[in-house]
Amino acid sequence: MSVQSVVWRAALLVLVPLCGFAREEPLGAGMEGFVYPHPVHMLDLRMEREPVRMAYMDVAPEGQANGGTVVLLHGRNFFGAYWQDTIDVLRRAGYRVVVPDQIGFGKSSKPDVPHSLHLHAQNTRRLLASLNIERATLIAHSLGGMMAVRFALMYPEMTQRLVLEAPIGLEDYRTAVP
């Protein structure tokens, strides 16, 4: 079992109870049996020539659509389901809401390959392209904030707005860390 799998399983033991998701049996690495608030779809991708699957929710607006799309990016050791209340508010306001589980998180594949913000941004762009989304507002939490900033830098034409909630890693540590 990879170090990442062990860390992920340990995080689930802490996060699942905190999120109010009580379970009697343990979850697998793919969170089998864990019910997300909306249907989960899969996008087939490749990382380091290895096939992987990115899980995501694509939630239609409720009532009158306003034509906007919001992408919610989770933080480290989290997954898309914790955005449930935010999804509900946005869809009632007329937004289409796309919520990926980045590779290595949630119901997505957990390959034992190097990850980078650049790669997560590329995967998010591939997801949006597969859904025919040309521009979106990105709302991101924690590590998702770093992913969203990288996405906005790499794909400014696809970024309508950038909203960061408690982002980490945006500080410049060059003067404090050798």
Side-chain angles (χ1 to χ4, degrees), residues 30-31 34-111 113-172:
M31 294 186 61
F34 185 90
V35 179
Y36 275 41
H38 299 280
V40 175
H41 309 280
M42 294 289 183
L43 175 66
D44 292 322
L45 299 168
R46 294 189 79 71
M47 286 177 61
E48 299 287 323
R49 292 179 262 171
E50 182 178 332
V52 295
R53 300 183 83 203
M54 177 185 245
Y56 66 93
M57 293 178 283
D58 183 6
V59 184
E62 187 178 290
Q64 178 87 22
N66 64 21
T69 299
V70 175
V71 177
L72 300 175
L73 298 176
H74 63 77
R76 183 179 177 131
N77 295 328
F78 291 93
F79 47 94
Y82 84 104
W83 287 109
Q84 180 175 351
D85 293 341
T86 305
I87 294 168
D88 291 343
V89 168
L90 290 168
R91 71 185 295 238
R92 282 193 299 268
Y95 290 96
R96 176 182 185 181
V97 185
V98 177
V99 189
D101 281 348
Q102 295 296 335
I103 300 297
F105 300 89
K107 290 186 179 278
S108 291
S109 298
K110 293 164 188 70
V113 298
H115 293 254
S116 69
L117 295 173
H118 184 85
L119 185 58
H120 289 302
Q122 282 181 328
N123 289 342
T124 302
R125 187 202 58 77
R126 287 183 182 118
L127 172 62
L128 296 181
S130 78
L131 298 172
N132 298 312
I133 296 171
E134 295 179 10
R135 280 178 65 79
T137 294
L138 298 160
I139 299 177
H141 165 244
S142 188
L143 178 68
M146 291 172 38
M147 289 182 216
V149 168
R150 180 58 57 101
F151 182 93
L153 289 169
M154 292 172 63
Y155 309 108
E157 71 285 355
M158 294 182 76
T159 307
Q160 185 171 11
R161 289 181 192 90
L162 188 59
V163 180
L164 306 178
E165 176 192 355
I168 62 167
L170 300 180
E171 304 88 354
D172 184 357

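Every value quoted in this text rests on a predicted model; they were computed, and no experiment measured them.
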Atom pairs and distances, donor-acceptor, side-chain atoms in residues 65-75, under 3.5 Å, two or more places apart:
unit_1: Asn66; atom_1: OD1; unit_2: Gly68; atom_2: N; d: 2.7
unit_1: Asn66; atom_1: ND2; unit_2: Ala93; atom_2: O; d: 3.1
unit_1: His74; atom_1: NE2; unit_2: Gln102; atom_2: N; d: 3.0

Got a list of side-chain donor-acceptor pairs under 3.5 Å for residues 130-151, not counting sequence neighbours?
unit_1: Ser130; atom_1: OG; unit_2: Leu127; atom_2: O; d: 2.7
unit_1: Arg135; atom_1: NH1; unit_2: Glu157; atom_2: O; d: 3.1
unit_1: His141; atom_1: ND1; unit_2: Tyr82; atom_2: OH; d: 2.7

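Side-chain contact between Arg125 and Met154 is absent, with no heavy-atom pair separated by less than 4.5 Å.
Minimum interatomic distance between Gly106 and Phe79 (heavy atoms only, all atoms of both residues): CA-CB, 3.6 Å. Taking each heavy atom of Met54 and Thr124 in turn, the nearest pair found is CE-N, 4.3 Å. Residues Thr159 and Ala152 share a closest heavy-atom pair of OG1-CA, 3.4 Å.
With rounding to the nearest 0.5 Å, the separation of CZ in Arg126 from CG in Leu43 is 9.0 Å. Considering CD1 of Ile103 and CE of Met47, their distance stands at 6.0 Å, rounded to 0.5 Å.
The stretch residues 42-72 participates, sequence neighbours left out, in these ring-ring contact (aromatic ring centres under 6.0 Å, His included) pairs: His41-Tyr56. Within the structure, salt bridge (Lys or Arg N to Asp or Glu O under 4.0 Å) contacts touching residues 39-51 (residues at least two apart or in different chains) are Asp44-Arg53. For residues 86-99, every residue pair satisfying the salt bridge (Lys or Arg N to Asp or Glu O under 4.0 Å) rule, not counting sequence neighbours, is listed here: Asp58-Arg96, Glu62-Arg91.
Taking the side-chain hydrogen bond (donor to acceptor under 3.5 Å, both in side chains) definition, one finds that Tyr36 meets it with Asp101, sequence neighbours left out.
A distance-only check finds no donor-acceptor pair linking the side chain of Lys107 to the backbone of Met42 [under 3.5 Å].
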